[in-house]
Engineer: 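Take a look at the following structure, please.
Each chain gets a letter, A, B and so on, in the order its sequence line appears, and its residues count up from 1.
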Amino acid sequence: MNIATAPEKLTAKDFASDQEVRWCPGCGDYAILKGVTKTLADIGTPRHKTVFVSGIGCAARFPYYVSTYGFHTIHGRAPAVATGIKLANPELDIWVVSGDGDAMSIGGNHLLHLLRRNVDLQFLLFNNEIYGLTKGQYSPTSRVGTRSPSTPMGSVEQPVSACRFALGAGARFVARAVDTQQKQMPGILMRAHAHKGTSFVEIFQNCIVYNDGAFDKFTDRSVTEDAQIEVRHGEPLVFGKERDKGLRVKPGALHLEMVKLGENGVTEDDLLVHDETNRILAEMLVGMEPPMPVAVGVIYCNPGPTYEGKMADQTAAIRSKSPAADLTEVMHRGDVWTVEKH
Amino acid sequence: MEGSIAGRENLDAVVVRFAGDSGDGLQLTGSHFTLATALAGNDLATFPDFPAEIRAPAGTTYGVSAFQINFGAREIRTAGDQPDVLVALNPAALITNIGNLRLGGLVIADSGAFSDRNLKKAGYEANPLEDHSLDAYQVWPIDVSKLTLEAVKEFGLTQKEALRCKNMWTLGLVYWLYNRERDASVKWLKTKFAKRPEIAEANIAALNAGHAFGETAELPGDVHAYAVPEAEIAPGEYRTVTGTDALAWGLVAGTQLADIKLVFCSYPITPASSLLHILAGLRQFDLTTFQAEDEIAAACAAIGASYAGSLGITSSSGPGVALKTEAIGLAISTELPLIVVDAQRAGPSTGLPTKTEQSDLLQAVWGRNGDSPLVVLAASAPGDCFEVGIEAVRLATKYMTPVIVLTDGYIVNAAEPWLLPDLETLEPFPVHHREDAEGFHPYLRDPETLARNWAKPGTPGLEHRIGGIEKDYDSGHISYDPANHQRMTDVRAAKIRGIAQDIPEQTVDQGNEGGKLALVGWGSTYGPISRAVVNLRAEGLDVSHIHLRHIWPMPRNLGELLAGYDQVLVPEMNTGQLIQVLRAEYLIPAEGLNKVNGLPFKIAEIEQAVRGQLES
């Protein structure tokens, strides 16, 4: 007898755990938590089939605040733990939550290999360009000259670009979001979830205590529309409050340039149309920094086979050849001899 | 013992050492000889001894690879203290191995490889086959290179390919010397080179030529053809097995008994990599193998697998286990099952990767931050790895704890005949994941074992969050409460200590419970200690042998048992590690017998130490 029961319709509130949230008041993480729980409700994956995995840092507290399964692991290693979870049970829906120190510094190696293997999960990088939990040291994404307790004279290292790193590592889904832009975030996260493979999402997140306003140049409400470009597959790369600015490949050069529609005879036909399967375009888009507009949205999505999928294919192939795996038979392979009773 | 075979002198036991360039294929020669010897009904033990370099420059002393086998008509427990026969395929093999040959022993040397150039590379100023410097031994120089080239001439191989058949020619000769059958090697060559039949035929021709050479050659001095009669061996089905084979099968058997999926995550490192290779070839079973990007990722992926309800297993050697340390702490804190196999090698840092040592015991028992107890087991011989693998799965899943399994470079590579176990007779210990949501929290404990309940993601109603931060005893939520931390630390320790009630009491391997002296060993020192105690007891000395499998927690009766001896001597291939734990636990004046030269103990070394101890 089959009785079709409509699945329980969950709301964002259903994904809040009973734990008191302990981020600093005003932290960008609150907004992200809101965006993620809304997305989870929209997706409708049952709570018991969802796992949040994190490493160490402010962002890594995230799993405690979601009412799904959660594993708060050790610094930088969440991608490896998540890979193990997926190997054990490919049915689970896994989200990894990380910060710029966790993902790009101590865990850089694991993130590289997660992306290259294309394990099917969502990887959210909360980038605030600073170490929060250890009280304000500069991070691998901090800009040159960042004054912090460990760099009182300013940091001298070149920062790493998270999205360029991801593309370089072979990521097949790269997107960007902003903590406070809640209208966009669930849509981007939905796309990340729908993509089979590792979906890398960098979220610009404001640390109100140690790096307040780090992204104001392009996230302050007064400048958002002119300082950001929200990319959409198949649509021209247009932005600006008046929708009068756009991007095109500079004639005779291999880089993007910002143009104004109507000036020098430029029309919308001259602009680039966003192709999210184009890696070269994606690399140019994520490389833009002010005064160029900062690209947000789904910048690259070009699905390929997943690690666990390929492994499952191999397993199925070997099992179809020898369906009854018998350890006694394996131990008897090769030369076996019998010693008789003396 | 059977009567002697016509023209052959019966031997009770003999030690043969094959040595040559690492490109000469002597490990293969050794494994063929091992099989032929097992099929001839002898007991045996082997010791593969090879350099760290994959292909060191030909003819150099550091490129010498060797394989030693001890076989006999009696029970064999070690690869032998001193070879009786040394097969040296070049001057470097001779110079590096002659010092250990029994005086009067036989040297079979490939005189064709003793060119001026090779002599110089090995450091000889004159040809030792000609200058009487080997007069203390019996020397049988044979131009193996030339004879091999002649034997395989008709198959049209290149000079290089033809010379590669040298090992088979040598094997044929030694087969003849000890009356071994060639059939198994012929069969193997035909299968191995099925796609290049000319190579198979050339190797078989070389094998036969070496054998024929023995039949017709004029033998030097008092060298004879020998026979080694069958040993008294318990009846049953046998095969040769390395520690790696046995451990892989033990882990598979264990997870079958636990009714749980095995997820094996590892990163290549000498001498542990072969376990990954073997398990990767067994994916028809309910198992997954994963070559991670590094040691840490391997441990973390294994932990992730256990969190998801499978059994995560990782393996490495000492330096890699050091890297996994923080992750092992996470498994201790989250109380997840995990097996960490440590195939120990010599020295701190990179040390001597291909040489054996037992110097990770303290790392295994104590080497983590915080109070972080876990279970430590040690395998004593290649075949013993099977049972240790099963025991590791049983304890990890029953007690929700990491288990470190200590093997070593000797055990993983050495082969011994192994009585095949009857899997049907093994007692299952099925894992029960929690499914009941009523009253659930992740740190609910079984009142008897103190193990927490294991709820895997995917189970409705049991959604929970765990991590490396201290948990509240009563809810499993994060807790920074000082009294709670004391309570959780105590319960983690009590859980592991309590396992002593669930493991067998320590027995005496040989000798009496109580007496003048007990030799207490662990791991691969089993063979030499065991043989030494046989010999010493035959002389009438009051010596007993106790060998530990459970290193932590220790068997519940061990303290009392050791207190019954006047003296306790602890032989270890380290500078004294088990002895520190024994002294700390039982406040006994145990003394150490220690060695760290990268080689297993010799029986004579242990005998001498015991005699000295009893006389003092």
Engineer: Using non-hydrogen atoms and a 4.5 Å limit, figure out which bit of R117(A) sits close to chain B: side chain, backbone, both or neither.
Structural biologist: side chain

Engineer: Are P417(B) and L44(B) packed together at the side-chain level, in the sense that at least one heavy-atom pair is separated by less than 4.5 angstrom?
Structural biologist: yes

Engineer: What part of A38(B) lies closer than 4.5 angstrom to a heavy atom of chain A: side chain, backbone, both or neither?
Structural biologist: both

Engineer: Please flag which part of R61(A) lies under 4.5 Å from any non-hydrogen atom of chain B: side chain, backbone, both or neither.
Structural biologist: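 Contact with chain B: side chain only.
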
Engineer: Under 4.5 Å heavy-atom distance to chain A, tell me which part of T240(B) shows up: side chain, backbone, both or neither.
Structural biologist: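 For T240(B), backbone and side chain are both near chain A.
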
Engineer: Quick one: of E91(A), H113(A), K49(A), R116(A), who has the most non-hydrogen atom pairs under 4.5 Å with chain B?
Structural biologist: H113(A)

Engineer: Is it the backbone or the side chain of A302(B) that comes under 4.5 Å from a heavy atom of chain A, or both, or neither?
Structural biologist: neither

Engineer: Go through the atoms of L92(A) and report whether side chain, backbone, both or neither lie under 4.5 Å from a heavy atom of chain B.
Structural biologist: side chain

Engineer: Under the ring pair (Phe, Tyr, Trp, His ring centres under 6.0 Å) criterion, do Y64(A) and F52(A) qualify, and how do the steps go?
Structural biologist: CA-CA 9 Å; Y64(A) 291 114; F52(A) 276 79; over 10 Å; no

Engineer: Between H464(B) and F440(B), does the ring centroid distance fall short of 6.0 Å?
Structural biologist: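 Yes.
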
Engineer: Do S54(A) and T73(A) touch side chain to side chain, with heavy atoms closer than 4.5 Å?
Structural biologist: no

Engineer: So which of W337(A), F71(A), Y307(A) has the largest heavy-atom pair count under 4.5 angstrom toward chain B?
Structural biologist: W337(A)

Engineer: In terms of heavy-atom proximity below 4.5 Å to chain A, should W418(B) be classed as side chain, backbone, both, or neither?
Structural biologist: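 The answer is the side chain of W418(B).
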
Engineer: If we only count heavy atoms from C-beta on, is the R452(B) to L336(B) side-chain gap below 4.5 Å?
Structural biologist: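 Of all side-chain heavy-atom pairs linking L336(B) with R452(B), at least one is under 4.5 Å.
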
Engineer: Any side-chain heavy atom of L251(B) within less than 4.5 Å of one from T255(B)?
Structural biologist: no

Engineer: Does any part of the side chain of T459(B), heavy atoms only, come nearer than 4.5 Å to the side chain of R434(B), both counted from C-beta?
Structural biologist: no

Engineer: Out of I469(B), T289(B), T334(B), which one racks up the most heavy-atom pairs below 4.5 Å with chain A?
Structural biologist: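 Most heavy-atom pairs within the cutoff with chain A belong to I469(B).
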
Engineer: Quick check for you: among T338(A), V336(A), L327(A), which has the greatest number of heavy-atom pairs under 4.5 Å with chain B?
Structural biologist: L327(A)

Engineer: Please flag which part of L462(B) lies under 4.5 Å from any non-hydrogen atom of chain A: side chain, backbone, both or neither.
Structural biologist: both

Engineer: Would a 4.5 Å heavy-atom cut-off, applied to side chains only, mark F33(B) and F71(B) as touching?
Structural biologist: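 Yes. Closest side-chain heavy atoms under 4.5 Å.
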
Engineer: Could you walk me through whether S475(B) and D472(B) pass the side-chain hydrogen bond (donor to acceptor under 3.5 Å, both in side chains) test, one step at a time?
Structural biologist: CA-CA 5 Å; S475(B) 70; D472(B) 183 75; 3.3 Å; yes

Engineer: Under 4.5 Å, counting heavy-atom pairs only, tell me which of I303(B), D294(B), V252(B) racks up the most with chain A.
Structural biologist: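 Between I303(B), D294(B), V252(B), the count favours D294(B).
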
Engineer: Heavy-atom pairs under 4.5 Å with chain A are the metric here; pick the option from A308(B), G236(B), G461(B), G467(B) that has the most.
Structural biologist: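 That would be G236(B).
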
Engineer: Based on non-hydrogen pairs under 4.5 Å, which of T315(A), N109(A), T68(A), N89(A) is most in contact with chain B?
Structural biologist: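 Between T315(A), N109(A), T68(A), N89(A), the count favours T68(A).
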
Engineer: Taking side chain as everything from C-beta outward and backbone as N, CA, C, O, which of these in A327(B) sits under 4.5 Å from a heavy atom of chain A? Side chain, backbone, both or neither.
Structural biologist: both

Engineer: Any idea how F123(A) and F200(A) line up, ring-wise: parallel (<30°), tilted (30 to 60°), or perpendicular (>60°)?
Structural biologist: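 Correct class here is parallel.
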
Engineer: What part of V53(A) lies closer than 4.5 angstrom to a heavy atom of chain B: side chain, backbone, both or neither?
Structural biologist: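 Looking at V53(A), nothing touches chain B.
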
Engineer: Taking side chain as everything from C-beta outward and backbone as N, CA, C, O, which of these in Q256(B) sits under 4.5 Å from a heavy atom of chain A? Side chain, backbone, both or neither.
Structural biologist: side chain

Engineer: Which answer fits V330(A), side chain, backbone, both or neither, if we ask what part of it has an atom under 4.5 Å from a heavy atom of chain B?
Structural biologist: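 For V330(A), the contact with chain B is made by backbone and side chain together.
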
Engineer: Could you have a look at D93(A), V66(A), L112(A) and say which one has the most heavy-atom pairs with chain B under 4.5 angstrom?
Structural biologist: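 Most heavy-atom pairs under 4.5 Å with chain B: V66(A).
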
Engineer: Do the side-chain N and O atoms of E230(B) and N42(B) include a donor-acceptor pair separated by under 3.5 angstrom?
Structural biologist: no

Engineer: Sort out for me which of L39(B), L262(B), T288(B), I466(B) touches chain A most, counting heavy-atom pairs under 4.5 Å.
Structural biologist: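 The candidate making the most pairs under 4.5 Å is I466(B).
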
Engineer: Looking at E295(B) and K324(B), does any basic side-chain N land under 4.0 Å from a carboxylate oxygen?
Structural biologist: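 Yes, this pair counts.
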
Engineer: In a check of side-chain contact (heavy atoms from CB on, under 4.5 Å) between H193(A) and each of T39(A), V201(A), T45(A), which one passes?
Structural biologist: T45(A)

Engineer: At a 4.5 Å cut-off on heavy atoms, which part of L35(B) comes close to chain A: side chain, backbone, both, or neither?
Structural biologist: side chain

Engineer: What I want to find out is whether K261(B) reaches D286(B) closely enough, with some N-O distance under 4.0 Å, to be called a salt bridge.
Structural biologist: no

Engineer: Identify whether the distance between the nearest side-chain nitrogen and carboxylate oxygen of D183(B) and K187(B) falls below 4.0 Å.
Structural biologist: no

Engineer: Tell me, side chain or backbone of F386(B) under 4.5 Å from chain A's heavy atoms, or both, or neither?
Structural biologist: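 Side chain of F386(B) only, per the 4.5 Å heavy-atom cut-off to chain A.
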
Engineer: Under 4.5 Å heavy-atom distance to chain B, tell me which part of Q314(A) shows up: side chain, backbone, both or neither.
Structural biologist: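 Contact with chain B: backbone and side chain both.
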
Engineer: Taking every non-hydrogen pair under 4.5 Å, which of A246(B), G468(B), P460(B) racks up the most with chain A?
Structural biologist: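 If we count pairs closer than 4.5 Å to chain A, P460(B) comes out on top.
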
Engineer: Under 4.5 Å heavy-atom distance to chain B, tell me which part of T328(A) shows up: side chain, backbone, both or neither.
Structural biologist: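 Both parts, heavy atoms under 4.5 Å.
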
